[in-house]
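Inspection log for the structure reproduced underneath, given as structure tokens.
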Amino acid sequence: MRTNVVIVGAGPAGLMLGRLLDLAGIDNLILERRSAEYVLGRIRAGVLEPGSVALMERARVSGRLRAEGLVHEGAVLSFDGDSHRLDFTALVGRQVTVYGQTEVTHDLMAAREGQTIYEAENVELHDFAGKPQVTWRKDGVVHRMDCDYIAGCDGYHGVSRASVPAAVLAIFERIYPFGWLGLLVDRPPVAEELIYAHHARGFALCSQRSLSRSRYYVQVPASEKVEAWSDDRFWDELRRRLPQAAAEALRTGPSLEKSIAPLRSFVAEPLRFGRLFLAGDAAHIVPPTGAKGLNLAMSDVAMLADALIEFYAEKSAAGLEHYSARALARIWKAERFSWWMTSLMHVFPETGAFGRRIQRAEFDYLTSSTAAQQSLAENYTGLPD
Ligand code: APR
Ligand code: PHB
């Protein structure tokens, strides 16, 4: 069997790439290790930059996003209870849209025309420097697909990056000594806009999925176990870290989901190895503070899709040759912003009282400088390619 492009992974990166290739008439196969239900059950990010919204539009899957997505014109930052609203529209003339990654995945799955094989076990990549092939096992039978290109969209723990010889792969990484404990609840959000709160006890975030469903997070040590956190303990800790008005307005309820995610900054370079390309979490991880993970996955695959479309339409490999450098330039800017916002908003045990004074000075500078606020808003709402 033969196809143009084998895509490994049916997360948002793989599904969006598959959709863009389908629309361009480029034959592709998606191989996903998990079931579709499992993929849809994962609770992930929820803030889309205008560029990601535009890509959903281009992919003709923006109907529900336009109807149900919540357009946010700003967000609130607080430090030890002092709050400041950033007005994205006034600062940079752009907004973000709150729409869960689960919904993005759902819309892309529903629109899928090409073949997707779920529960594909033991996916292996072969000869991507020459004549690429991918093999997998399904229901005990081993299958093989020959292709022109392989797109590794299989996330941080995927097989694609792991298949690249260590000698040609450069890894840049920073692991933070904490994670985010997240809770999803069917209660209206505490405020219209997101609240990012720095507190001596640690960071807290009030986010949302809809007008009736909220997502909250608190910073916890990396070693923390989710079993140690009853819902009551979570709500008590969250309230302590929020500005008073928000703490009083908080509507609590039984958790629909509760989990801990470690925080990490990670980039693999380059993104091309012969006929294998990496995109999304397979190539890079950002800490969630700047809400960049999903948006970066979207911009990677937009660039990769354009390069592949150019190759098949015009027989020009120029776009494919530039993909790695072009995507990495954008990735590193998002890595910088996510690292910076993480550094400002979290408590770092090792930096002590000096570190907190510096963070406070940064917050005070930010709230008093339109230039600094514009810089934040420009990055948060998404830099151009
Ligand atoms: N074979 C096949 N599929 C695999 C394999 C494998 N060996 N390993 C992983 N996968 C699948 C996973 O099950 C998952 O469905 O690849 C998919 C990767 O999806 P994501 O992890 O969601 O990554 P990506 O599509 O790049 O999306 C990035 O996810 O967590 C967020 O912050 C991140 O929002 C960003 C987005
Ligand atoms: C979320 O809603 O899950 C979310 C929102 C903003 C972030 C991170 C996560 O910065």
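Please read these numbers as outputs of a predicted model, since none were measured by experiment. All ligand and atom numbering here is 1-based and tracks the order in the structure.
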**OP:** Answer with side chain, backbone, both or neither: which part of A291 has a heavy atom less than 4.0 angstrom from an atom of ligand 2?
**Re:** both
Subject >> Side chain, backbone, both or neither: the part of T289 lying under 4.0 Å from ligand 2 by heavy atom >> reply: backbone
Subject >> Per-residue contact class, R44 against ligand 1 - non-hydrogen pairs under 4.0 Å >> reply: side chain
Original post:
Considering all heavy atoms of both residues, which atom of I331 and which atom of L296 are nearest to each other, and what is their separation?
Top reply: CA-CD2, 3.9 Å
Original post:
Hey, which atoms in ligand 1 end up nearer than 4.0 Å to a heavy atom of V159?
Top reply: 7 (N)
Subject >> Same apolar cluster (I L V M F W Y, side chains within < 4.5 Å links), V301/Y312 >> reply: yes
Original post:
What is the nearest protein non-hydrogen atom to atom 9 (C) of ligand 1, stated with its residue, atom name and distance?
Top reply: D154 O, 3.0 Å
Subject >> From Y196, Y216, F203, residue fulfilling ring pair (Phe, Tyr, Trp, His ring centres under 6.0 Å) relative to W180 >> reply: F203
Original post:
What are the atoms of ligand 1, with element, lying closer than 4.0 Å to any heavy atom of G280?
Top reply: 26 (O)
Original post:
Among protein heavy atoms, which lies nearest atom 28 (C) of ligand 1, and at what distance?
Top reply: D281 OD1, 3.3 Å
**OP:** Could you list the atoms of ligand 2 found under 4.0 angstrom from a heavy atom of Y196?
**Re:** 6 (C), 7 (C), 10 (O)
Original post:
Should we say atom CD of E257 is surrounded by more than 12 heavy atoms from elsewhere, each under 6.0 Å from it?
Top reply: yes
Subject >> Ligand-side contact atoms (ligand 1) for residue partner L294, heavy atom cut-off under 4.0 Å >> reply: 34 (O), 35 (C)
Original post:
Of all the atoms in ligand 1, which lie at a distance below 4.0 Å from a heavy atom belonging to P12?
Top reply: 22 (O), 25 (O), 27 (O)
**OP:** Give a yes/no verdict on whether any heavy atom in C153 is under 4.0 Å from an atom of ligand 1.
**Re:** yes
Original post:
Which bit of V123 is near ligand 1, meaning a heavy atom under 4.0 Å away: side chain, backbone, both or neither?
Top reply: side chain
Original post:
If you measure from each non-hydrogen atom of A13 to ligand 1, which part falls under 4.0 Å: side chain, backbone, both or neither?
Top reply: both
Subject >> Element-labelled atoms of ligand 1 that are located less than 4.0 Å from some non-hydrogen atom of L31 >> reply: 2 (C), 3 (N)
Original post:
Do any N/O atoms on Y380 end up under 3.5 angstrom from N/O atoms on ligand 2?
Top reply: no
**OP:** Only one of R239, R241, R233 passes salt bridge (charged side-chain N to carboxylate O under 4.0 Å, His left out) with E237; say which it is.
**Re:** R241
**OP:** With heavy atoms under 4.0 Å as the rule, classify the contact between W180 and ligand 2 as side chain, backbone, both or neither.
**Re:** side chain
**OP:** Step through the shown structure and confirm whether more than 12 heavy atoms of other residues, nucleotides or ligands are within 6.0 Å of NZ on K315.
**Re:** yes
Original post:
When you measure from the centre of the six-membered ring of F88, is the NZ or CZ of R94 under 6.0 Å away and within 45° of the axis?
Top reply: no
Original post:
Using heavy atoms and a threshold below 4.0 Å, how should the contact between V286 and ligand 1 be classified: side chain, backbone, both, or neither?
Top reply: neither
Original post:
Is ligand 1 less than 4.0 angstrom away from at least one heavy atom of R42?
Top reply: yes
**OP:** Give the numbers and elements of all ligand 2 atoms closer than 4.0 Å to a heavy atom of V47.
**Re:** 5 (C), 6 (C)
Subject >> Element-labelled atoms of ligand 1 that are located less than 4.0 Å from some non-hydrogen atom of R34 >> reply: 13 (O)
Original post:
If two hydrophobic side chains count as joined below 4.5 Å and joins carry through other members, does F277 share a cluster with V267?
Top reply: yes
Subject >> Non-hydrogen side-chain atoms of L15 and M109 separated by less than 4.5 Å >> reply: yes
**OP:** Determine whether more than 12 heavy atoms belonging to other residues, nucleotides or ligands lie under 6.0 Å from atom CD of Q244.
**Re:** no
Subject >> Under 4.0 Å to a heavy atom of V8 - the qualifying atoms of ligand 1, by number >> reply: 1 (N), 2 (C)
**OP:** Below 4.0 angstrom from a heavy atom of G155, which ligand 1 atoms are there? Numbered from 1 as shown, please.
**Re:** 18 (C), 21 (O), 23 (O)
